[in-house]
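Note sheet for the following structure.
Below, chains carry the letters A, B, ... as their sequence lines are ordered, and counting in each starts from 1. These values consider heavy atoms only, across backbone and side chains, with no hydrogens, waters or symmetry-generated copies.
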Number of protein chains: 2
Amino acid sequence: MQDALSQTFAALADPTRRAILARLSEGEASVSDLAAPFLGSMSLPAVTKHLKVLEKAGLISKSRNAQWRPCKLEGEALRDASSWMEQYRVFWEESLDRLDAYLKTVTAKKAASKKRPSSRSRKNVRITK
Amino acid sequence: MQDALSQTFAALADPTRRAILARLSEGEASVSDLAAPFLGSMSLPAVTKHLKVLEKAGLISKSRNAQWRPCKLEGEALRDASSWMEQYRVFWEESLDRLDAYLKTVTAKKAASKKRPSSRSRKNVRITK
DNA sequence: CGGTTAATTAACTAATCAGTTAAATATAGA
DNA sequence: TCTATATTTAACTGATTAGTTAATTAACCG
């Protein structure tokens, strides 16, 4: 078996599984609730397998309620993955700085030759599935 | 072919590739530089393949310098992956809050029944390979 | 009990992945 | 041009993955 971080990233490397996590971020859901959006394109056992991958990676947990298995998002594994990534933050911020510098020279030139300056939003990071 | 985020996570789901990124975070390096630490456990073409995976995921880029191919870490893809994760931050912080709450009750009881309180560092996130 | 709903397991297939060795390509430099 | 170094490509193998259908388990309910 693999190390925890590899298992987490592998589990995240699939759009169906990420969509399941996105759904779970809105609250607990049973297997069939989670499967519903995908039953047009894959079978229920396929979803069961995706859930097993997520569960083994520690990204979700299942409990029991009669014949249902409510699933719940677990943050720990995501936090570990995210904090692993933090060590690289300087690399993407560095490139934004270069973009900033570039945009500033462009803006300066435009201002000098024509009209109003433009701005760029660095915050407002998009939330996607 | 897959979506960008899936490719990025898939590329990160391997300890050899993560180690290569870690090495590149210290500066550019040629293929053989990057391969050196692994030549005891895998062949050079295996490393070439790992580099190709990283390159296709946009995590690194290669340039040419004589017969060498200096590789460089590219931050963009990591930033995208990281900002995708951000939407889940509330989940792991929430669980830390619960841990906090729990630890407080324990600490309170200990303080009441015996000696000095303990503390927990939430910052100081470890940087690992 | 018998039927229905929820979910999992089994057995199988096709595709992709991580590695191998051997051969090919590219560049430098004597 | 010949040779050495750096790297890639080709062809192959075994393991893992993502899906399938069919059968099974589990729990509720009339």
Rounded interatomic separation in angstrom, taking NZ from B:K56 and P from D:dT8: 13 Å
Covered region of DNA chain C, 5' end to 3' end, by chain B [heavy atoms, under 4.0 Å]: C:dA18 to C:dA28
Side chain A:R17, main chain A:L12, donor-acceptor under 3.5 Å: no
Rounded to 10 degrees, the angle between the two terminal axes of the helix from C:dC1-D:dG30 to C:dA30-D:dT1, each from five pairs: 10°
Residues in contact with DNA chain D, drawn from residues 28-40 of chain A - heavy-atom cutoff 4.0 Å: none
Mutual orientation of the aromatic rings belonging to B:F9 and A:F9 [parallel < 30°, tilted 30-60°, perpendicular > 60°]: parallel
Donor-acceptor contact present, side-chain B:Q87 to main-chain B:W84, <3.5 Å: yes
Distance, rounded to the nearest Å, where A:R64 contributes CZ and D:dA27 contributes C1': 10 Å
Sugar-phosphate only, base, or nothing, as touched by B:K49 at under 4.0 Å among non-hydrogen atoms: base
Length of the CH2-P vector between B:W68 and D:dT5, whole Å: 11 Å
Length of the NZ-C1' vector between B:K52 and D:dT7, whole Å: 10 Å
Flag, side chain of A:D3 to backbone of A:S6, donor-acceptor distance under 3.5 Å: yes
Distance in angstrom units between B:Q67 CD and D:dT3 P, rounded: 17 Å
Where A:G75 and B:W92 come nearest, the two heavy atoms and their spacing: O-CB, 3.6 Å
Integer-rounded Å distance: D:dA18 P and A:R18 CZ: 12 Å
Over all atoms of both residues, closest heavy-atom pair of B:A13 and B:R18: C-NH1, 3.9 Å
Check: B:A22 main-chain N/O paired with B:S25 side-chain donor or acceptor under 3.5 Å: yes
Donor-acceptor contact present, side-chain B:E76 to main-chain B:G58, <3.5 Å: no
Upstream residue (5' side of DNA chain D) when B:P45 and A:L44 are each assigned their closest nucleotide: B:P45
Option from A:K72, A:E55, A:E74 for which side-chain hydrogen bond (donor to acceptor under 3.5 Å, both in side chains) with A:S61 holds: A:E74
Heavy-atom donor-acceptor pair, B:R23 side chain to B:A35 backbone, under 3.5 Å: no
Nearest atoms (heavy-atom pairs only) where B:H50 meets B:I20: CB-CD1, 4.3 Å
Under 4.0 angstrom between A:H50 side-chain N/O and D:dG19 OP1 or OP2: yes
Distance, rounded to the nearest Å, where B:K62 contributes NZ and D:dT8 contributes P: 4 Å
